[in-house]
Colleague: 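Take a look at the following structure, please.
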Amino acid sequence: MIALLLVAAALTAADTQYVRRVDGIPVRDSAGANYRFPFLGGLDRPRPQLIDIDADGDLDLFLQEYTGWLQFFERDDSAGRMRYIWRTDRYADLPVGEWSRFVDADGDGDQDMFSEAPYSFIRWYRNDGSAARAQWVLGADSLRDPAGELIFADRQNIPQFGDLDCNSRLDLMLGRVDGSITRYEMPAGSGPASFKFLTDAFENIKIIGQTFGMPAGNFPSMHGANTMSIMDVDNDGDQDILWGDFFEAGLLWIVNDGTCELPQMRQEFVRFPPNDSVMTSGYNAPFAGDLDGDGDLDLLMGVLGGAFNPVQTARENLYRFEQAAPGQWELRTRRLLDGIDLGTETVTALSDLDGDGDLDLVVGSKLDSGTKAGSLTLFTNEGSATQPSFRETGKLDVETGYQMAPAFGDLDGDGDPDLLLGSWRDQVAWYRNEGGMKFTMADSAAFKLSRGSHASPTLGDLDGDGDLDVVVGENSGEVGWFRNVGGKSAPKFELVSDTIGGVTPHRRSAPRLVDIDADGDLDIVTGDEAGELALYRNVGSATEFRFQRDSTWSVRATPFAAPAFGDIDGDGDLDILSGGASGGVVFHEAR
């Protein structure tokens with residue numbers, strides 16, 4: 001049976017290491033173009049920074065996609081073109097909270113860092129290394145003013161640091177949810193742990209989102225979560241501000257009509273770029289830097305998603321603008337880092353759907369970018385069982401739904417993989433494989449959850465009677481099981497229990513039956529909203545299971561992790577392809 005083939009690879013858990021790879025297997029999109037970062041995991045709300053962290057003369061890329069994560073991409077142009085190399089999802093394991101900002105805060109020539117300290121305060125990390133090799137030390141757990149009062153920064157807003165008035169003292173600019181800007185400045189002679197309050201109404205700026213595209217009178221102008229970038233937009237020698245807001249579909253340019261020493265901010269804002277303003281789903285996060293080395297500023301912009309249907313930017317959300325001529329900003333790409341990205345909250349499944357002896361990949365999604373439903377996207381393995389190469393070849397023709405969670409196994413005994421499909425509802429559908437990638441519904445409710453929703457099923461012979469049973473996760477995190485009392489060719493699933501003893505993942509559980517230690521019985525590996533894959537080893541037998549958490553085994557995936565196991569490269573061990581919150585796929589290679 002196909003489901004059992006996926007779990008039969010010989011593997012000793014204690015000897016296996018899982019290595020995170022963003023590439024390693026070629027993947028092509030539907031047009032045949034190769035992805036540079038196929039298994040990055042998708043992007044929904046990237047917050048970019050451009051920093052030369054290794055002092056080699058080019059700007060490296062840092063991205064924050066999840067709370068507490070800071071992804072690092074090293075710039076490497078040795079091939080004659082701008083190229084980024086993924087190095088880690090958690091740079092230096094720094095707990096960066098909701099946001100981070102690199103800046104030389106103490107004036108010693110290397111980059112320090114400020115970040116959010118839960119909840120809504122500001123940490124300072126001092127770099128005690130060098131410009132080429134950082135060594136991070138906590139300088140202050142919370143910034144304070146000279147009187148010792150804590151500085152509060154709304155955690156949904158991303159502050160900015162910069163020398164706004166060219167006096168060689170660092171300013172701290174905090175956008176507030178009422179559309180105003182609070183300004184602090186580092187006092188002369190003090191260190192980065194202290195900032196003096198200057199004003200709650202910097203230049204009397206009041207930013208009201210224009211709710212672009214909404215019918216007049218149906219959606220009032222509002223203000224909300226925001227971020228900004230301090231930069232010289234028009235090359236006139238003073239500092240302007242670019243502002244992104246939850247209720248603003250574009251970027252607003254706050255023009256400095258004064259000088260660098262005496263800024264005077266214009267009260268009428270200009271949409272950016274002025275020659276061809278960008279419009280997205282809102283809450284746009286800009287960061288400037290000279291990307292192409294031509295001496296002027298270019299711009300990256302992450303789309304975090306605001307009031308204007310963030311589903312539409314679930315794939316295209318990391319923009320690069322080039323300043324082709326002074327003040328002339330041209331959009332070069334909406335996807336600086338390309339990879340599998342199907343919108344949001346993906347679930348993976350591996351099965352030989354075309355019968356050619358290798359594993360194909362199916363990815364279910366919560367909600368496809370630009371649509372009102374999820375789907376099952378097929379990535380056909382056009383390589384081999386030992387040298388895989390995937391290509392996106394279309395959608396499986398199943399009833400549309402929301403939060404699609406596929407599982408494959410031979411349910412009718414005809415030798416090909418059928419489909420169980422969970423969704424946001426409480427019922428799981430069974431589709432019969434008619435051959436040629438055609439699936440027809442055999443039962444819209446092969447079984448129902450007795451409680452909960454967001455069913456995530458997995459198939460395997462849990463009781464050793466020769467047919468496929470179901471273990472299923474759901475919204476609350478509980479993992480239950482249904483015994484197949486119908487047999488190999490006419491499945492009938494009967495609830496045994498809403499819970500399986502010893503299996504205790506977090507919410508949004510995604511269990512997988514897999515013989516992880518090759519001892520002849522099925523273990524359970526779970527993903528969940530926390531993003532850590534956990535192993536519950538079967539310390540019973542193939543007919544009388546008993547599960548126990550193995551605390552020595554853990555794989556760090558992404559939030560809402562939903563894994564699939566299979567020997568993708570034919571080397572005898574089980575690799576992992578996981579779905580996750582941001583709509584992509586994460587690859588862990590077994591070694």
Colleague: Counting only heavy atoms from other residues, nucleotides and ligands, does the tally under 6.0 Å from CZ of R425 exceed 12?
Modeller: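 Result for CZ/R425: open.
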Colleague: Could you check D60 against I53 for side-chain contact (heavy atoms from CB on, under 4.5 Å), going step by step and ending with a plain yes or no?
Modeller: CA-CA 7 Å; D60 306 298; I53 200 64; 3.4 Å; yes
Colleague: Going by heavy atoms in the side chains, are L378 and M437 under 4.5 Å from each other?
Modeller: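 L378 vs M437: side chains touch.
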Colleague: Is any side-chain heavy atom of L350 closer than 4.5 Å to a side-chain heavy atom of I568?
Modeller: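 In contact.
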Colleague: Are R28 and E392 within salt-bridge range, i.e. N to O under 4.0 Å?
Modeller: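 Salt bridge flag = no for E392 with R28.
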Colleague: Closer than 3.5 angstrom, by distance alone: can the side chain of S497 be matched with the main-chain N or O of I500 as a donor-acceptor pair?
Modeller: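 Checking the backbone N and O of I500 against the side chain of S497, no donor-acceptor pair under 3.5 Å is found.
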Colleague: How many angstroms lie between atom CG of D23 and atom CZ of R21, to the nearest 0.5 angstrom?
Modeller: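 Answer rounded to 0.5 Å: 5.5 Å.
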Colleague: Of all heavy-atom pairs between G68 and V96, which one has the smallest distance, and what is that distance?
Modeller: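 In terms of heavy atoms, the two residues are closest at C-CG2, 3.7 Å.
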Colleague: Would you find a donor on one side and an acceptor on the other, under 3.5 Å apart, between the side chain of E474 and the backbone of S509?
Modeller: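 No.
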Colleague: Is the CG atom of D76 crowded by more than 12 outside heavy atoms at less than 6.0 Å?
Modeller: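 Enclosed.
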Colleague: May I ask you to say whether K395 pairs ionically with D368, meaning some side-chain N is under 4.0 Å from a carboxylate O?
Modeller: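 Between D368 and K395 there is a salt bridge, with a charged N closer than 4.0 Å to a carboxylate O.
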Colleague: Say you draw a straight line from CG of L421 to CE of M404; how long is it, rounded to the nearest 0.5 Å?
Modeller: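 Output value for this atom pair is 5.0 Å.
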Colleague: Does some side-chain heavy atom of D523 sit less than 4.5 Å from a side-chain heavy atom of D517?
Modeller: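 Side chain of D517 against side chain of D523, heavy atoms only: contact under 4.5 Å found.
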Colleague: When you compare the side chains of Q387 and S389, does any donor N or O come within less than 3.5 Å of an acceptor on the partner?
Modeller: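 No donor-acceptor contact under 3.5 Å links the two side chains.
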Colleague: Ignoring hydrogens and geometry, is there a side-chain-to-backbone donor-acceptor pair from D426 to S450 under 3.5 Å?
Modeller: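 Answer holds: no.
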Colleague: From the options L359, N381, T380, select the one residue that forms a side chain to side chain contact (heavy atoms under 4.5 Å, CB included) with F390.
Modeller: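 Option passing the side chain to side chain contact (heavy atoms under 4.5 Å, CB included) with F390: N381.
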Colleague: Does one side chain, of S541 or D521, offer a donor that lies under 3.5 Å from an acceptor on the other?
Modeller: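 The answer is no; no qualifying pair exists.
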Colleague: Do R47 and E98 touch side chain to side chain, with heavy atoms closer than 4.5 Å?
Modeller: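 Heavy-atom side-chain distance check passes, below 4.5 Å.
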Colleague: So E529 and R507, do their side chains get closer than 4.5 Å, heavy atoms only?
Modeller: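 Answer yes - side chains close enough.
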Colleague: So F560 and T346, side-chain contact (heavy atoms from CB on, under 4.5 Å) or not? Walk me through it.
Modeller: CA-CA 8 Å; F560 294 93; T346 44; over 6 Å; no
Colleague: Would you say the side chains of T440 and E434 form a donor-acceptor pair under 3.5 Å?
Modeller: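 T440 vs E434: donor-acceptor pair found between side chains.
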Colleague: Evaluate whether atom CG of D397 has more than 12 neighbouring non-hydrogen atoms of other residues, nucleotides or ligands under 6.0 angstrom away.
Modeller: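 Result for CG/D397: open.
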Colleague: I'd like to check the salt bridge (charged side-chain N to carboxylate O under 4.0 Å, His left out) partners of E322; sequence neighbours left out, ordered by chain and number.
Modeller: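 Once residues adjacent in sequence are excluded, the partners of E322 under the salt bridge (charged side-chain N to carboxylate O under 4.0 Å, His left out) criterion are R332.
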Colleague: For E589, is there an ion pair with R591 - N to carboxylate O distance below 4.0 angstrom?
Modeller: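 So R591 pairs with E589 through a salt bridge.
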Colleague: In Å, rounded to the nearest 0.5 Å, how long is the span from CZ of R549 to OH of Y536?
Modeller: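 Separation between the atoms: 4.5 Å.
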Colleague: So, do V479 and T499 sit near enough that their side-chain heavy atoms are less than 4.5 Å apart?
Modeller: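 No, their side chains stay 4.5 Å or more apart.
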Colleague: What is the minimum heavy-atom distance between F39 and L577, and which atoms define it?
Modeller: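 F39 and L577 have their closest heavy atoms at CE2-CD2, 3.9 Å.
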Colleague: As an exercise, state the distance from CG of L420 to CG of L459, rounded to the nearest 0.5 Å.
Modeller: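 Rounded to the nearest 0.5 Å, the CG-CG separation comes to 4.5 Å.
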Colleague: Quick check: closest heavy atoms across V470 and P457, and the distance to 0.1 Å?
Modeller: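 Taking V470 first and P457 second, the nearest heavy atoms are CG1-CB, 4.1 Å.
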Colleague: Take L331 and V278, measure what side-chain contact (heavy atoms from CB on, under 4.5 Å) needs, and give me the verdict at the end.
Modeller: CA-CA 9 Å; L331 177 62; V278 62; 5.7 Å; no
Colleague: May I ask you to decide if G520's main-chain N or O and D515's side chain share a donor-acceptor pair within less than 3.5 Å?
Modeller: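 Side chain of D515 to backbone of G520: a pair is present.
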Colleague: Using every non-hydrogen atom in the two residues, find where L419 and P406 come nearest and quote the distance to one decimal.
Modeller: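 Residues L419 and P406, closest heavy atoms: CD1-CB, 3.7 Å.
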Colleague: Please determine whether side chain to side chain donor-acceptor pair (under 3.5 Å) holds for the pair D44 and T344, giving the CA-CA distance in whole Å, both sets of side-chain angles, and the decisive distance to 0.1 Å.
Modeller: CA-CA 7 Å; D44 272 357; T344 185; 3.3 Å; yes
Colleague: Just to verify, what does R75 make a salt bridge (charged side-chain N to carboxylate O under 4.0 Å, His left out) with, not counting sequence neighbours?
Modeller: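 R75: salt bridge (charged side-chain N to carboxylate O under 4.0 Å, His left out) contacts with D77.
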Colleague: Salt bridge or not between D528 and R508? Use side-chain N to carboxylate O under 4.0 Å.
Modeller: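 Salt bridge between D528 and R508, a charged N being under 4.0 Å from a carboxylate O: no.
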Colleague: Measure the spacing between CD1 of I340 and CZ of R315 and express it to the nearest 0.5 Å.
Modeller: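 It is 10.0 Å, given to the nearest 0.5 Å.
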Colleague: Would you kindly say whether S582 and E65 are connected by a side-chain donor-acceptor distance under 3.5 Å?
Modeller: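 A donor-acceptor contact under 3.5 Å links the two side chains.
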Colleague: Please check: side-chain N/O of T280 versus main-chain N/O of G282, any donor-acceptor pairing under 3.5 Å?
Modeller: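 Yes, because the side chain of T280 sits within donor-acceptor range (under 3.5 Å) of the backbone of G282.
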Colleague: Step by step, would you call V362 with F408 a side-chain contact (heavy atoms from CB on, under 4.5 Å)?
Modeller: CA-CA 10 Å; V362 173; F408 291 95; 3.9 Å; yes
Colleague: Distance-only, no hydrogens or angles: does the N538 side chain make a donor-acceptor pair with backbone N or O of A542 under 3.5 Å?
Modeller: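 Pair absent, no side-chain N/O of N538 close to backbone of A542.
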Colleague: Looking at E316, is its backbone amide N or carbonyl O close enough to the side chain of T313 to form a donor-acceptor pair, meaning the two atoms are under 3.5 Å apart?
Modeller: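 Side chain of T313 to backbone of E316, a donor-acceptor pair under 3.5 Å: no, none is there.
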Colleague: Does the distance from a Lys or Arg side-chain N to an Asp or Glu carboxylate O, for R432 and D418, drop under 4.0 Å?
Modeller: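 No, no charged N to carboxylate O under 4.0 Å.
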Colleague: Kindly say whether the aromatic ring centers of F37 and Y84 come within a distance under 6.0 Å.
Modeller: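 No, too far apart.
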Colleague: Quick one: pull up CG in L513 and CZ in F545 and give me the separation to the nearest 0.5 Å.
Modeller: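 The distance works out to 9.5 Å.
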Colleague: Keeping D469 on the side-chain end and D461 on the backbone end, is there a donor-acceptor pair under 3.5 Å?
Modeller: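 The answer is no, because no donor-acceptor pair under 3.5 Å joins these two groups.
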Colleague: Does R20 qualify as a cation-pi partner of W86, given the criterion of NZ or CZ under 6.0 Å from the six-membered ring centre and within 45 degrees of its axis?
Modeller: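 Yes; both conditions hold, so R20 lies above the ring face of W86.
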Colleague: State whether R483 and D463 are salt-bridged, where the test is any N-O pair (Lys NZ or Arg NE/NH1/NH2 against Asp/Glu carboxylate O) under 4.0 Å.
Modeller: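 A salt bridge links R483 with D463.
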Colleague: Going through the checks in order, is the side chain to side chain donor-acceptor pair (under 3.5 Å) test met by E345 and Q403?
Modeller: CA-CA 7 Å; E345 290 187 32; Q403 214 103 37; 2.3 Å; yes
Colleague: Is any side-chain heavy atom of F73 less than 4.5 Å from a side-chain heavy atom of L40?
Modeller: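 SC-SC contact between F73 and L40 confirmed.
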Colleague: Any donor and acceptor pair, going by atom type alone, linking the side chain of N317 with main-chain N or O of G302 inside 3.5 Å?
Modeller: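 No.
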Colleague: Determine the interplanar angle of the F447 and F482 rings, folded into 0 to 90°, and report it as parallel if under 30°, tilted if 30 to 60°, perpendicular if over 60°.
Modeller: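 Judged by the thresholds at 30° and 60°, the geometry between F447 and F482 is tilted.
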Colleague: Given F62 and Y91, is the ring pair (Phe, Tyr, Trp, His ring centres under 6.0 Å) satisfied, shown in steps?
Modeller: CA-CA 9 Å; F62 289 85; Y91 175 72; 5.0 Å; yes
Colleague: Can you name the nearest heavy-atom pair linking N484 to D465, along with the distance?
Modeller: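 Taking every non-hydrogen atom into account, O-OD2, 4.0 Å.
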Colleague: Any side-chain heavy-atom pair from V525 and W553 closer than 4.5 angstrom?
Modeller: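 In contact.
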Colleague: Looking only at non-hydrogen atoms, find the nearest pair between L495 and W481 and report the distance.
Modeller: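 Heavy atoms only, the tightest pair is CD1-O, 3.8 Å.
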Colleague: Counting distance only, does the side-chain N/O of N433 pair as donor-acceptor with the main-chain N or O of P417 below 3.5 Å?
Modeller: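 Pair found, side chain donor or acceptor close to backbone of P417.
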Colleague: Give me each pair satisfying salt bridge (Lys or Arg N to Asp or Glu O under 4.0 Å) with a member in residues 443-455, each pair once, sequence neighbours excluded.
Modeller: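 Residue pairs passing salt bridge (Lys or Arg N to Asp or Glu O under 4.0 Å), neighbours aside: R451-E478, R451-D498.
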